[in-house]
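Sequence lines set the chain letters: A, B, ... in the order given, protein chains first and strands last, and positions in each chain run from 1. What you see below is based on every heavy atom in this structure, not just the backbone, and it leaves out hydrogens, waters and symmetry mates.
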Amino acid sequence: MVRELIETNITRRLIPKGLSWFGCMGGLSLVAFMIQLGTGVFLMFYFIPSATEADASIQKVSHSIPYGWLIHRVHAVGPHVMIGMVLSHMFRILFKGIYRHPRELHWVSGACLLILTLVMYYTGYLLSAGNRSNYSVIPITFIYALHIAGIPLAMGLFMGMHFFMVRKTGIYEPL
Amino acid sequence: MKDYTKGKSPDMLEPFFPNELLRHIIVSCFLVILEMSAVILFPLPWKAINKPDHIPWFLLPVYKLHKLMHNEVLFISALVLSTLIFVSWPFLVRDTKGNASSLHNAGGQNGSFARQGKERCNLWHRPVLFAIVISTIILLITLCFIKT
């Protein structure tokens, strides 16, 4: 059963020849998202979502936890790389006109994912150091819940839709 | 799952494993290298610095627009409107009969152009849309450099 699944989906699967390397941008966005997810889980162990302790917990992660600085920095620079990948994916789709007839809903789910990614960045930016003034307006626990659960769940949903539809209609093939 | 083998000879196909998977793995390695070099190039400051004006490059247009528009309601409605247009883009620019005929007139060929347009659908085959997209991109880039 599993063997059959692997054979039809991976080892015996045939795809059209001559696919562009730019077609990898969508996959790269997923890889970047996975990196964000992995480092984010590690940061969750130490971050304390309260207005008084947040700063100290970030300082603790980056200066006294082994390799905490690496996890922290990767989580901080990752969004820039991820949004670069997502944007280049989007521009490729836009300029090649791949959003046309059978693939309109791919564009809709992808556009929602881009917007959610930007919102994700914004909530993370509010959580990061140096933005204490915003906590009087929006409680930190609210932003934190959105950042670690609300938006990722929505993103997972849209991603599932996106991949399911790509699998169903197939990728764009060169002539 | 879509079957790519339909209507294709074996020499037009290649195996997914390992060709496509290897391609993705190579590119992912470059991504990890890029992230690690970004970590090295932008190291962590020793003290948490207070820099409320630090705006990332991809949010600069929105930020500048907010600075330019003093009316909060207008700003939010502009954001929502542009988001709606962005999300529903394929439905707005859908190929209608009128569009297809205008394309075929511009091409000066008989029908074949319109039919060909269904397969070759690059954006620059539709000059009006292409102009709209390019001018929007230029506008967004200009917004980044405006001094407020």
Side-chain angles (χ1 to χ4, degrees), chain A residues 8-17 19 21 24 27-28 31-32 35 55 58-59 62-63 69-70 72-74 76-81 83-85 87 94-101 103-104 107-108 111-112 114-115 118 121-122 125 129-133 167-171 173 175, chain B residues 1-5 8 10-17 19-21 23-24 26-28 30-32 34-36 38-44 46-52 54 56-59 62 83 86-91 93-95 118-126 130 133 137:
Chain A
T8 52
N9 282 310
I10 300 171
T11 50
R12 298 220 175 156
R13 195 165 158 213
L14 292 171
I15 52 163
K17 225 179 198 169
L19 293 180
W21 282 77
C24 294
L28 280 188
V31 173
I35 291 174
D55 258 338
I58 291 177
Q59 287 291 303
S62 34
H63 298 304
W69 61 271
L70 181 67
H72 182 194
R73 282 325 283 167
V74 170
V77 298
H80 295 263
V81 176
I83 287 171
M85 295 299 149
L87 280 181
L94 181 63
F95 283 111
K96 294 209 93 177
I98 305 174
Y99 54 81
R100 286 210 183 180
H101 169 55
R103 302 192 176 82
E104 285 121 333
W107 173 277
V108 171
C112 291
L114 173 57
I115 290 157
L118 290 178
Y121 178 87
Y122 189 66
Y125 167 72
N131 291 290
R132 297 290 95 92
S133 58
R167 216 178 130 81
K168 192 96 175 165
T169 27
I171 47 151
E173 296 168 45
L175 288 172
Chain B
M1 197 168 107
K2 163 118 176 175
D3 186 16
Y4 296 111
T5 54
K8 280 200 176 69
D11 62 320
M12 286 163 78
L13 294 167
E14 64 179 339
F16 173 77
F17 177 87
N19 295 21
E20 178 70 11
L21 223 54
R23 216 178 290 165
H24 268 89
I26 291 170
V27 178
S28 306
F30 275 109
L31 182 99
V32 172
L34 187 71
E35 285 212 359
M36 289 305 159
V39 167
I40 292 168
L41 290 177
F42 304 100
L44 184 73
W46 181 249
K47 271 205 231 161
I49 39 170
N50 198 3
K51 39 173 186 176
H54 172 71
W57 54 275
F58 44 84
L59 287 181
V62 181
T83 308
F86 173 60
V87 169
S88 55
W89 173 256
F91 298 102
V93 300
R94 197 183 242 174
D95 246 342
K118 269 224 154 117
E119 291 160 13
R120 292 168 67 90
C121 42
N122 289 342
L123 196 68
W124 49 86
H125 290 225
R126 302 178 69 179
F130 190 60
V133 169
I137 291 170

Hey, mind stepping through B:F91 and A:W107 against ring pair (Phe, Tyr, Trp, His ring centres under 6.0 Å) and telling me if it holds? CA-CA 10 Å; B:F91 298 102; A:W107 173 277; over 10 Å; no

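For a residue to count as touching a neighbouring chain, one of its non-hydrogen atoms must lie under 4.5 Å from one of that chain's; by this rule A:A32 touches chain B with backbone and side chain alike. Of the atoms belonging to B:F130, it is side-chain heavy atoms, and not backbone ones, that fall under 4.5 Å from chain A. Of the atoms belonging to A:T169, it is backbone heavy atoms, and not side-chain ones, that fall under 4.5 Å from chain B. For chain A, no part of B:V62 is nearby; none of its heavy atoms comes within less than 4.5 Å. For a residue to count as touching a neighbouring chain, one of its non-hydrogen atoms must lie under 4.5 Å from one of that chain's; by this rule A:V108 touches chain B with backbone and side chain alike. For A:K168, the part sitting under 4.5 Å from any heavy atom of chain B is the backbone (N, CA, C, O) and nothing else. Residue contact with chain A, scored on non-hydrogen atoms closer than 4.5 Å, involves the backbone and the side chain of B:L13 alike.
Per-residue counts of heavy-atom pairs under 4.5 Å with chain B were compared for A:L87, A:L118, A:I115, A:L94; the largest is that of A:L94. Ranking A:V77, A:L28, A:L114, A:V31 against chain B, the residue ahead of the rest is A:L28, based on heavy-atom pairs under 4.5 Å. If you tally non-hydrogen atom pairs under 4.5 Å between each of A:G97, A:A76, A:P79, A:G84 and chain B, the highest count goes to A:G97.
Side-chain atoms of B:R126 come within 3.5 Å of backbone N or O of B:V93 as a donor-acceptor pair.
Using bins of under 30°, 30° to 60° and over 60° for the plane-to-plane angle, the ring pair A:H80/A:Y121 lands in the perpendicular bin.
To the nearest 0.5 Å, atom OH of residue A:Y99 and atom CH2 of residue B:W89 are 5.5 Å apart. Distance check: B:L123 CG to B:H125 NE2 gives 9.5 Å after rounding to the nearest 0.5 Å.
Taking a 6.0 Å sphere around CZ of B:F30, one finds it holds 12 or fewer heavy atoms contributed by other residues, nucleotides or ligands.
The existence of a salt bridge linking A:R13 and B:E14 is excluded, since no basic side-chain nitrogen approaches an acidic carboxylate oxygen closer than 4.0 Å.
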